[in-house]
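See below for the structure under consideration.
Order of the sequence lines fixes the chain letters, A, B, ..., with proteins taken first and strands second; residue numbering starts at 1 for each chain. A quick note: this is a predicted structure, and the numbers were derived from the prediction, not measured.
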Protein chains: 2
Amino acid sequence: MTELVDEPLSRRDRARADTVREIKQTARRVLVDQGVDGLALRAVAREMGMTAPGLYRYFSSREDLVENVVADLYDELTDVLEAVRDAADPATPGFQLLSVARAFRQWATTHRAEFGLLFGSSAQGVFRPDDVHGDGDRPVQLAGQRFGAVFAALVAQVHLERHFPVPAEEDIEPALQVQLRNWCAKLPVALPLGVVHVFLSCWIRLYGLVCMEVFGHLRFALDDAGPMFEAELRALSLVLGVPEEYRPPAA
Amino acid sequence: MTELVDEPLSRRDRARADTVREIKQTARRVLVDQGVDGLALRAVAREMGMTAPGLYRYFSSREDLVENVVADLYDELTDVLEAVRDAADPATPGFQLLSVARAFRQWATTHRAEFGLLFGSSAQGVFRPDDVHGDGDRPVQLAGQRFGAVFAALVAQVHLERHFPVPAEEDIEPALQVQLRNWCAKLPVALPLGVVHVFLSCWIRLYGLVCMEVFGHLRFALDDAGPMFEAELRALSLVLGVPEEYRPPAA
DNA sequence: GCCGTTAGCTAACACCGTTCACTGGAACCG
DNA sequence: CGGTTCCAGTGAACGGTGTTAGCTAACGGC
């Protein structure tokens, strides 16, 4: 058994860790310029001067490799969002939230293949049917939670600063109440049910619009989703009571 | 050259049409119980006692077959939605819209594989990058337009009956205005820009929620999306001014 | 220096999409 | 009726895939 202490990394272990990194990094490059379907084990191996079976020393299957790449991508995306949040000026929750939302779309549109892997229809690996809630401790699940926490925390802060209108608990259907309560219990901070309800509703709109744009399901109406995105952002700002001066302006 | 008249279907042509039907039908069955990745030409051929190369007499590639299956699925889904709309009692636009939205979710959750093919991230076939707008005349595009028209027409009718609040033209960003105008021009009926804006916004929410549910991206928070769907439906009813008595009730 | 562990290889299996050359039979024409 | 043309469907083959089994060779710890 390997030690849980992180200090005694043997020479071999370091080499192994390096190889793992290189594989994931190569896989990501292949993903980007070959597409999801072109993300083949053999292609990854070829790209780094190995043969496909060699990869099985590091990942138990293609699915396993993909899952680890997904976790890394979640982390990378989260890093970007956190950096944008922390660089936002003024550093008010409202403006930070808008900036993060824009950065999310920006990342999605400039990393289409990666976005498809994270948020598309082929992401059975992220949240498997068997673990009812996505709160296991596999890397991809932890990374997913970290990602979600960025938005959740910002909405919570916005609400803390300016109490935007939320439905009263008793105005939420009981069946939805218990689910929201269960979810709340897993969050680091306690939030009123109405707030998480509004957060979920806002996230649905952001996710829906960005997905439609990236997956090409918006082209029936728009050829550039940018203006529509800003309009939706403005609508969300109103819902969340983001102060006028930080809101995207109407035309 | 074959005649454009539809009467003189030779014996051969009828047999051919039957085979095409059987192939698509078999492909759909394979899709359902093997998943999108399991939708292999060889599997389809095997299932119907043929060999894979034989299918090339009917479809020029796997992609071609999939595209035709997608078109059929769009048609089937649209038929379901239209039937639900026409069977809605009372037959008011508001209630019809709610019924159709529920039927859409119902179809999506009971036909996950098919839904993923139509609305997921692997739908490059439906709207290709090259045709800027999805208004070509390939079967899949026609079917897609027919699908969208169901929702669009209902929203239009709801607005005709009760003028829910829409943004004034001059409150829409110019860049978005021209896009919406272009799209409007392709619709069968003339609609105020504000109405199509609201329609698009509502469709984003419906699409976003159903996609998240079907693709498993909602499991981080909810294990049954039903109540949240009804809550969103209620929110949309308020946006669209659907009369109180047809709205989903608050808790 | 020995010995266990392990990285990486080759070969192989079963599958995939696709092309090609071919056969059998149906449809058409004189 | 015979001859010819067309076409559905086949088997073989090519190059690709994920994955397993068995081997070699090098490395780390004693």
In residues 31-46 of chain B, what donor-acceptor pairs under 3.5 Å come from side-chain atoms, sequence neighbours left out?
none

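- Taken residue by residue, residues 15-47 of chain B places heavy atoms nearer than 4.0 Å to DNA chain D at Arg16(B), Arg42(B).
- One finds no side-chain N or O of Thr51(B) lying less than 4.0 angstrom from the OP1 or OP2 phosphate oxygen of dG9(D).
- Rounded to whole Å, the distance from CG on Asp64(B) to P on dG17(C) is 14 Å.
- At a threshold of 4.0 Å, the pair Arg21(A)-Asp72(A) does not count as salt-bridged, since none of the basic side-chain nitrogens sits closer than that to a carboxylate oxygen.
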Step-by-step side chain to side chain contact (heavy atoms under 4.5 Å, CB included) determination, Arg146(A) to Asp79(A): CA-CA 10 Å; Arg146(A) 189 165 90 90; Asp79(A) 288 343; 2.8 Å; yes
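- Distance CD (Glu63(A)) to P (dT17(D)): 18 Å, rounded to an integer number of Å.
- Rounded to a whole Å, the CE atom of Met50(B) is 13 Å from the C1' atom of dG11(D).
- One atom, CZ of Phe59(B), and another, P of dT18(C), lie 13 Å apart when rounded to the nearest Å.
- dG18(D) atom P lies 17 Å from atom CD of Glu67(A), rounded to whole Å.
- Between the CZ atom in Arg14(A) and the CG atom in Asp18(A) there is a gap of 8.5 Å [rounded to 0.5 Å].
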Please table the atom pairs, donor to acceptor, closer than 3.5 Å between any side-chain atom in residues 108-115 of chain A and protein atoms at least two apart or in another chain.
{"residue": "Thr109(A)", "atom": "OG1", "partner": "Arg105(A)", "partner atom": "O", "Å": "3.0"}
{"residue": "Thr109(A)", "atom": "OG1", "partner": "Gln106(A)", "partner atom": "O", "Å": "3.1"}
{"residue": "Thr110(A)", "atom": "OG1", "partner": "Gln106(A)", "partner atom": "O", "Å": "2.7"}
{"residue": "Thr110(A)", "atom": "OG1", "partner": "Trp107(A)", "partner atom": "O", "Å": "3.3"}
{"residue": "His111(A)", "atom": "ND1", "partner": "Trp107(A)", "partner atom": "O", "Å": "2.9"}
{"residue": "Arg112(A)", "atom": "NE", "partner": "Thr109(A)", "partner atom": "O", "Å": "3.4"}
{"residue": "Arg112(A)", "atom": "NH1", "partner": "Val214(A)", "partner atom": "O", "Å": "3.3"}
{"residue": "Glu114(A)", "atom": "OE2", "partner": "Arg28(A)", "partner atom": "NE", "Å": "3.3"}
{"residue": "Glu114(A)", "atom": "OE2", "partner": "Arg28(A)", "partner atom": "NH2", "Å": "3.0"}

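- Per the geometry, CZ belonging to Arg62(A) stands 13 Å off C1' belonging to dC16(C), to the nearest Å.
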Reading 5' to 3' through nucleotides 20-30 of chain D, protein heavy-atom contacts under 4.0 Å coded B for base, S for sugar-phosphate only, - for none: BB-----BS--
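- The side-chain contact (heavy atoms from CB on, under 4.5 Å) check on Val178(B) picks up nothing, with sequence neighbours excluded.
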Pairs under 3.5 angstrom only: tabulate donor-acceptor contacts from the side chains of residues 52-61 of chain A to other protein residues two or more places apart or in another chain.
{"residue": "Ser60(A)", "atom": "OG", "partner": "Asp64(A)", "partner atom": "OD2", "Å": "3.4"}
{"residue": "Ser61(A)", "atom": "OG", "partner": "Glu63(A)", "partner atom": "N", "Å": "3.4"}
{"residue": "Ser61(A)", "atom": "OG", "partner": "Asp64(A)", "partner atom": "N", "Å": "3.1"}

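- Residues Phe119(A) and Cys211(B) form no side-chain contact, since every pair of their non-hydrogen atoms from C-beta on lies 4.5 Å or further apart.
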